[in-house]
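Note that these values count all heavy atoms, side chains included, but never hydrogens, waters or copies made by symmetry.
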Amino acid sequence: MLKLLRKIVTEVRAEPDLESVLKLIVCRIQEGMKTQVCSIYLKDSTNQRLILRASEGLHQKSIGSSLSQYEGVVGLVANRAEPVNTDDIEHHPSYCFIPGTGEERYHSFLGVPIIYQRDVLGVLVIQQFDGRRYKETEESFLVTVSAQLAGIIIQAEATDAVSIAPKQNKSQVDRCFVGVPGAPGIAIGNVVVVSQGAELDAVPEREIEDTRGETSLFEAALEHVRSDIRAASARLAQKLGEEERALFDVYLRMLEDNSIAGEIIKRIGEGSCAQWALSSVILEHTRQFDMMDDPYLKERASDIRDLGRRILTYLQEDGPQAIAFEEGCVLIAEELSPAMLGEIATDKLSGLVSVKGSGNSHAAILARSMGIPTIMGVLDLPYKKLSGRTVVLDGHSGRLYLNPSPELLDIYRAQLKEEREQEAELDGLKNLLAQTSDGVIMPLWVNTGLIADVQRGLDKGAEGIGLYRTEIPFMIRNGFPSEQEQTEIYLRQLQAFSPMPVTMRTLDIGGDKSLSYFPIEEENPFLGWRGVRVTLDHPEIFIVQIRAMLRANESCGNLRIMLPMVTSINEVTESIELIDQAVVELKEEGLKAIRPPIGVMIEVPAALYLTRVFAHQVDFISVGSNDLTQYLLAVDRNNPRVASLYSNFHPAVLQALKFIVKEAQKEQVPVSICGEIAADPAGALLLMGMGYNFLSMNANNLPKIKAVIRASNFEQVKDMLKRVLRLNDSEQIKLEISRSFVAMGLSDFVKDKKLRATK
Ligand code: PEP
Ligand code: MG
């Protein structure tokens, strides 16, 4: 059975559209399960009716007939979202006969729902003549198949939607794909798809006109691979026998013009770019071999894939930087990474989309700091087919509209204009204090990473840097920066803000932040070698960084050093010892090094309970609420599937944030926050009410936070906090916040437009 399942899944991936996918599924199941009928009913999203979309066994003329979702046993399966297995369908209380299908002949019925992310998409049914109940193993097999097929059906539906419109020149259908909001704002532009690494699956489809030029590119890449193989064969001539060496000839033959290479050149001639022609032909061949039962032939699939990858590597030699970005384009990648954002020219981009990742991934955090509207985790997006298509990207709701209608474009253009006007208005607050109507002042600091963040922070009126993510400059290089290079980088941050404080976090790699030249491969990277754990294991990296910070600080004197991801007190004391060692070394070398204020980040639950212990050892505490939320709720901040469970307003998170302030206050140590909750108007006010000493956030949100603080009254904020802390459900908390905002006259800052109007 498992073999059948694998076969179906592999085969359907090669089918071009939903109709053929469904046909193939019903055929394979009917044949593989030796049953007389297999059918698929899918829900029509407009009227919720269940439509018979494909069947093997029922009369073909009945394809397209439909039932209401409350009709028949099929309706029951969909409604209850659970299987029905019966040997006597005609006597089932929900039985409803659909004329013309020919199903009256079949007595046994097994129907299972097709569910995707809690939504019932339809029903998968098998039927047969004799009145026997399908076995439990058959039932569980059908459930397994259905669970796997749900994702494939969604993908096929999406691909249909994107392929049909341009061919029919129908641009009126607003096809919407939903992801997770990454960075707020609206973008309207043409798509540029970037592929990452020589992955055949990740190559985007692109049409070209210069077929000759593209053919030459392919032939040059092919020639490189041929000579690599010949060289490898010659190199190994002494070590290999005749037989093994013959394998190289097999490889070379596969690359001859009249075989795979010939097919690729033909496809280029039909107008496909070389990379797409290559990947589509190679993938078709590997699928065919993959499906063979013979292990030897199966193995050939990996040979072909390997050859394909080698050619692709040569075709992609210049990497993503080589892509010409037109002004205002929307970049789509399978997985945006901080390193990628550091490498590409982001000034031309109006929006970003990442198929993987979530709203609190570091790529999204960087996008927010750059002010580029971004959507993360659009898992179903058939992104490879979108090059050159016009999209509307709504970074507030995480929606990406394809084929936007003129009406939709008008709505979003108007919103874009309004947002730009609001932004300009907020910029007027630059030189004003973040002070409530009853005189309480909350200093607002900025988070930085790229050098551009520094100027942006100053432009928005930041009063210090609360978090400089030093790993960002490490990520955009090909090797660890030297002490001198680091000194120069840090000096720019310190000088730009001097005499205002600059908090430099020591290297925080691991998790979703990797260095290409220092790969960390782990099963559970967020629970692995991260932050201070790495730097304590590599004091040579840590000391160089600290020395560079101290040297840069010699002329400025505004440095603060902060340690990420601490869990135990020994990590703090050992790090402090290393910092002291660096101070001593530099003094011995004749520099005026001083020990700067040292702080720790509270990011893991263990650290939360040790706040007071840490506070006793350090000069300040800063809460990394992004990680603290992830670890408290056991929700991967990078995973879009659980994005809806990740909430800074979960009661446990709010209680934890309150607890940290109380504990830090017992040691009279200042406590701030540099996670994303500080950049949310409701979060900022709650934190203020709790007693945080300052808030650090991305520069783009700073004016909005200043505006909400200036429009509020501290006594009322404290009352809101009291009410919120009494609640024990995130949704109730959000509702209470919205109500309180409306009551405090802060409706403009309420996200949910419907609630703005309620009193
Ligand atoms: C945090 O975890 O809240 C934080 C500020 O650090 P980062 O987002 O870089 O992990
Ligand atoms: Mg963190």
Side-chain angles (χ1 to χ4, degrees), residues 1-9 11-12 18 21-43 48-60 62-116 118-154:
M1 284 291 192
L2 263 182
K3 213 158 129 196
L4 172 62
L5 177 60
R6 236 196 30 226
K7 191 168 173 164
I8 299 175
V9 172
E11 272 185 285
V12 291
L18 180 61
V21 165
L22 299 178
K23 264 194 193 149
L24 194 124
I25 296 172
V26 292
C27 271
R28 292 291 176 266
I29 294 180
Q30 187 253 8
E31 192 177 88
M33 291 188 77
K34 299 189 177 51
T35 184
Q36 274 110 25
V37 177
C38 178
S39 315
I40 292 181
Y41 296 79
L42 289 188
K43 240 187 214 174
Q48 300 298 305
R49 287 182 73 81
L50 287 158
I51 303 180
L52 178 63
R53 295 289 298 266
S55 180
E56 191 62 31
L58 295 186
H59 295 325
Q60 290 305 299
S62 62
I63 306 285
S65 42
S66 69
L67 304 154
S68 108
Q69 53 172 328
Y70 306 103
E71 265 178 318
V73 187
V74 171
L76 185 75
V77 174
N79 236 327
R80 287 206 186 147
E82 61 184 28
V84 171
N85 185 357
T86 168
D87 54 4
D88 187 9
I89 186 77
E90 304 94 289
H91 292 104
H92 192 285
S94 298
Y95 181 68
C96 156
F97 170 66
I98 313 181
T101 55
E103 66 176 338
E104 60 277 17
R105 294 172 287 155
Y106 306 106
H107 305 289
S108 308
F109 173 103
L110 169 59
V112 299
I114 307 171
I115 301 178
Y116 185 75
R118 298 190 184 193
D119 275 345
V120 176
L121 305 181
V123 179
L124 175 62
V125 174
I126 53 174
Q127 289 171 280
Q128 66 182 42
F129 295 130
D130 55 345
R132 79 162 176 97
R133 215 182 131 80
Y134 285 100
K135 287 190 269 186
E136 262 180 33
T137 48
E138 288 168 311
E139 187 174 323
S140 62
F141 174 71
L142 210 61
V143 170
T144 316
V145 174
S146 156
Q148 292 249 2
L149 295 181
I152 292 172
I153 290 174
I154 284 281

Please check this pair: side chain of [X] against backbone of [Y], looking for a donor-acceptor N/O pair closer than 3.5 Å.
{"X": "S146", "Y": "P113", "value": "yes"}
{"X": "R49", "Y": "S66", "value": "yes"}
{"X": "Q60", "Y": "S55", "value": "yes"}

Measuring from atom [atom1] of [X] to atom [atom2] of [Y], what distance do you get when rounded to the nearest 0.5 angstrom?
{"X": "I25", "Y": "R53", "atom1": "CD1", "atom2": "CZ", "value": "11.5 Å"}
{"X": "L42", "Y": "L22", "atom1": "CG", "atom2": "CG", "value": "5.5 Å"}
{"X": "C38", "Y": "E56", "atom1": "SG", "atom2": "CD", "value": "8.5 Å"}
{"X": "C96", "Y": "L76", "atom1": "SG", "atom2": "CG", "value": "12.0 Å"}
{"X": "C27", "Y": "E11", "atom1": "SG", "atom2": "CD", "value": "9.5 Å"}
{"X": "L18", "Y": "I152", "atom1": "CG", "atom2": "CD1", "value": "11.5 Å"}

Considering all heavy atoms of both residues, which atom of [X] and which atom of [Y] are nearest to each other, and what is their separation?
{"X": "S39", "Y": "L58", "answer": "OG-CD1, 3.6 Å"}
{"X": "P83", "Y": "V112", "answer": "CB-CG1, 3.8 Å"}
{"X": "A78", "Y": "L50", "answer": "CB-CD1, 3.9 Å"}
{"X": "Q30", "Y": "Q36", "answer": "NE2-O, 3.4 Å"}

Checklist outcome for this item: When D87, T86, T35 are each screened for side-chain hydrogen bond (donor to acceptor under 3.5 Å, both in side chains) with Y134, the one that passes is T35
Next on the checklist: Going by side-chain hydrogen bond (donor to acceptor under 3.5 Å, both in side chains), N85 matches just one of E136, E139, K135. Which one?
Outcome noted: E139
Item to check | Among I114, L110, V74, side-chain contact (heavy atoms from CB on, under 4.5 Å) partner for L124 | outcome: I114
Would you mind reporting whether [Y] and [X] have side-chain heavy atoms less than 4.5 Å apart?
{"X": "R105", "Y": "Q127", "answer": "no"}
{"X": "Q69", "Y": "V120", "answer": "no"}
{"X": "H107", "Y": "E90", "answer": "yes"}
{"X": "L142", "Y": "I29", "answer": "yes"}
{"X": "V77", "Y": "Y41", "answer": "no"}
{"X": "I126", "Y": "M33", "answer": "yes"}

Checklist entry - Above 12 or not: heavy atoms from other molecules or residues under 6.0 Å from NZ of K43? => result yes
Next on the checklist: Within a 6.0 Å radius of atom OH on Y70, are there more than 12 heavy atoms belonging to other residues, nucleotides or ligands?
Outcome noted: no
Next on the checklist: What verdict does the side chain to side chain contact (heavy atoms under 4.5 Å, CB included) test give for H92 and V84, after you've listed the backbone C-alpha separation in whole Å, the side-chain angles of each residue and the deciding distance to 0.1 Å?
Outcome noted: CA-CA 10 Å; H92 192 285; V84 171; 4.0 Å; yes
